[in-house]
Amino acid sequence: QITLLHGSHRVGKRSDAAMEKWRGYGLGQFIHWGLYAIPGGAWNGKQYNGAAEWIRSWNGIPKSTYDSLNYSFNPTAFDAKAWAKTARQMGAKYVTFTTKHHDGFCLWPSKYTKYTVKNSPYKKDIVKAVVDAYDQEGIDVILYFSVMDWNHPDWRYDLKTKEDSIAFERFKKFTRNQLIELLTNYPTVKGLWFDGTWDKSWVKQAAFADELETEMRKLRPGLIIGSRFRADENGKRHFDSNGVLMGDYEQGWERKIPAKIEDVHGNDWDCVMTVPENQWGYNAAWNGHIKTGNELIEMTARCVSMGGNFVLNFGPKGDGSIRQEEIKLATEIGDWMKINQEAIYNCEYAGYEKQDWGYFTKKSGTDKIYMVVFNVPVSAALRIKTPPKTIIKKAYLLADTQEVFSPEEISGDEYFLHLKKREQSKPFVIVLETAKAE
Ligand SMILES: C#C[C@@H]1N[C@@H](C)[C@@H](O)[C@H]1O
């Protein structure tokens with residue numbers, strides 16, 4: 001055990017109401033929107049090969065040309081209420097929204113820089129519109145904030161000279177001021193999702209970041225901050241030098257999902273996922289594999305079955321409208337959630353042996369188990385291996401027919417549920433009402 005001043009300040013999961021609610025969200029929406037949505041992954045007819053929100057880092061566009069995009073930011077089709085309705089339709093319980101991405105452009109009228117929506121033709125406070133619209137739909141809001149800020153003259157990747165350190169001290173004050181400003185302007189937000197915290201300049205700020213996290217939590221009791229915000233004094237990120245999770249949940253699952261339950265180490269976590277392989281901001285040309293509704297529903301069930309939340313990314317266009325492909329996916333996922341949401345919301349790891357046909361989830365605080373079935377075997381027999389001393393009292397289809405099954409006992413703790421031959425085009429859920437054997 002290494003003595004740390006700025007490591008994790010808590011071992012184990014948070015047990016307060018705010019975190020319990022976060023734990024039960026199951027499905028969330030990420031929204032990446034900003035100046036990068038205007039070029040949409042291309043410039044002067046040339047396609048940028050990276051993620052569209054990183055186009056400023058491409059040599060095909062002079063940085064100053066990109067930075068002046070704020071003078072053409074006027075999203076006439078922006079309608080936060082329509083966004084929130086799409087999220088509600090999908091069944092998202094929370095949204096993570098980009099207030100400022102790496103390019104430094106602020107979607108709120110920050111007092112601490114001119115590089116904001118206030119100095120664009122659009123002028124109005126987009127963050128406020130989003131927070132108000134999602135609050136009205138009953139969808140909690142978490143604000144994404146990039147510490148790395150390519151526009152700010154005092155941003156540094158590392159601190160090599162005295163001048164670097166003097167500039168970065170100004171940058172640290174600027175960052176703190178913006179974060180306190182966000183938490184003050186938008187008091188209903190439930191958390192902050194930090195990004196752009198991997199560079200040495202910030203990693204070296206263990207004491208400052210620790211103090212800032214404490215200040216933010218004091219300002220907003222219950223605030224939820226993930227493992228990506230700060231490093232410990234040895235530069236350890238996500239997990240401190242003693243292997244203890246930093247922050248309230250693990251934020252390492254970006255475009256990837258844990259392979260097995262052991263990989264989450266008993267922590268809370270979220271997986272943030274793009275529809276194409278790697279495009280967060282709007283890219284007009286979606287290339288490569290575009291995930292289908294069924295894939296995304298399976299990712300949702302897979303995350304919840306291992307105690308995490310699945311957060312699906314949307315990248316609105318430069319005019320503020322959401323592309324049709326994303327609307328279609330939100331509708332398809334939402335139609336499935338309307339029937340099966342009981343197996344996703346307020347559910348957790350069930351402790352059952354993973355089977356090939358799909359995923360087990362468990363309703364928190366109960367003995368109710370859900371089997372989210374994606375792959376019916378040719379035998380049409382679903383194997384169940386229960387934890388020791390568990391009795392299956394009842395098994396039935398969650399949707400429509402509520403068809404009841406009579407589990408065939410194979411051996412102690414092992415059963416088959418025999419399905420009638422069924423055409424399966426969508427995943428379906430079977431409920432197991434269980435009890436502990438005396
Ligand atoms: C790298 C990187 C960033 N992290 C994701 C959440 C997106 O914001 C991407 O640009």
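The first residue in the sequence is number 1, and the count goes up from there. Note: hydrogens, waters and symmetry copies are ignored here, and every other heavy atom, side chains too, is used. Since the structure is predicted, the reported quantities are computational estimates derived from the model, not experimental observations.
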Decide whether a cation-pi geometry holds between [X] and [Y]; the criteria are a distance under 6.0 Å from NZ or CZ to the six-membered ring centre and an angle within 45° of the ring axis.
X	Y	answer
Lys190	Tyr94	no
Arg323	Trp286	yes
Lys354	Tyr359	yes

Would [X] and [Y] count as having a side-chain donor-acceptor pair, cut-off 3.5 Å?
X	Y	value
Asp240	Ser8	no
Asn294	Lys426	yes
Tyr144	Asp195	yes

Classify the ring geometry of [X] against [Y]: parallel below 30°, tilted from 30° to 60°, perpendicular beyond 60°.
X	Y	value
Trp108	Phe145	tilted
Tyr48	Trp58	tilted
Tyr249	Trp22	tilted

* **OG-NE2 distance between Ser146 and His102, expressed to the nearest 0.5 angstrom** => 4.5 Å

* **Separation of Asn185 CG from Lys111 NZ (nearest 0.5 Å)** => 7.0 Å

* Structure fact -> side chain to side chain contact (heavy atoms under 4.5 Å, CB included) filter on Arg237, not counting sequence neighbours, yields Thr197, Trp198, Val203, Arg228, Ala231

If you compare all heavy atoms of [X] against all heavy atoms of [Y], which two are closest, and at what distance to 0.1 Å?
X	Y	value
Thr434	Asp367	OG1-O, 2.6 Å
Gly7	Glu233	N-OE1, 3.7 Å
Val304	Ala343	CG1-O, 4.2 Å
Ile297	Glu332	CD1-O, 4.3 Å

* Val141 and Thr188, any side-chain heavy atoms less than 4.5 Å apart -> no

* Asked: Within a strict 4.5 Å, meaning less than it, do heavy atoms of the Val95 and Trp83 side chains meet?
  -> no

Do NZ/NE/NH1/NH2 and the carboxylate oxygens of [X] and [Y] come within less than 4.0 Å?
X	Y	answer
Lys328	Glu325	no
Glu342	Lys363	no
Asp103	Arg56	no
Lys218	Glu215	no
Lys291	Glu298	no
Asp356	Arg383	no
Asp67	Lys63	no
Asp319	Lys317	no

* Structure fact -> Those residues at least two apart in sequence (or on a different chain) that pass salt bridge (Lys or Arg N to Asp or Glu O under 4.0 Å) with Asp199 are none

* Pairs meeting criterion side chain to side chain donor-acceptor pair (under 3.5 Å) with involvement of residues 117-126, two or more places apart -> Asp125-Tyr186

Between side-chain atoms of residues 25-32 and protein atoms elsewhere (two or more places apart, or another chain), which donor-acceptor pairs fall under 3.5 Å?
residue: Tyr25; atom: OH; partner: Asp140; partner atom: OD2; Å: 2.5
residue: Gln29; atom: OE1; partner: Tyr134; partner atom: OH; Å: 2.7
residue: His32; atom: ND1; partner: Asn313; partner atom: OD1; Å: 2.8

* **Of all pairs that satisfy ring pair (Phe, Tyr, Trp, His ring centres under 6.0 Å), the ones with a partner from residues 158-180, not counting sequence neighbours** => His152-Phe171, His152-Phe174, Trp155-Phe168, Trp155-Phe171, Phe168-Phe171, Phe171-Phe174

* To do: Sorted by first residue and then second, give each ring pair (Phe, Tyr, Trp, His ring centres under 6.0 Å) pair with at least one member in residues 287-322; sequence neighbours left out.
  => none

Is it true that, when you exclude [X] itself, more than 12 heavy atoms of the residues, nucleotides or ligands shown sit nearer than 6.0 Å to its [atom1]?
X	atom1	answer
Glu211	CD	no
Lys338	NZ	yes
Arg217	CZ	yes

* Main-chain N/O of Pro153 paired to Arg156 side chain as donor or acceptor, under 3.5 Å -> yes

* To do: Quickly, which of Tyr66, Trp150, Tyr36 forms a ring pair (Phe, Tyr, Trp, His ring centres under 6.0 Å) with Trp54? Name it, please.
  => Trp150

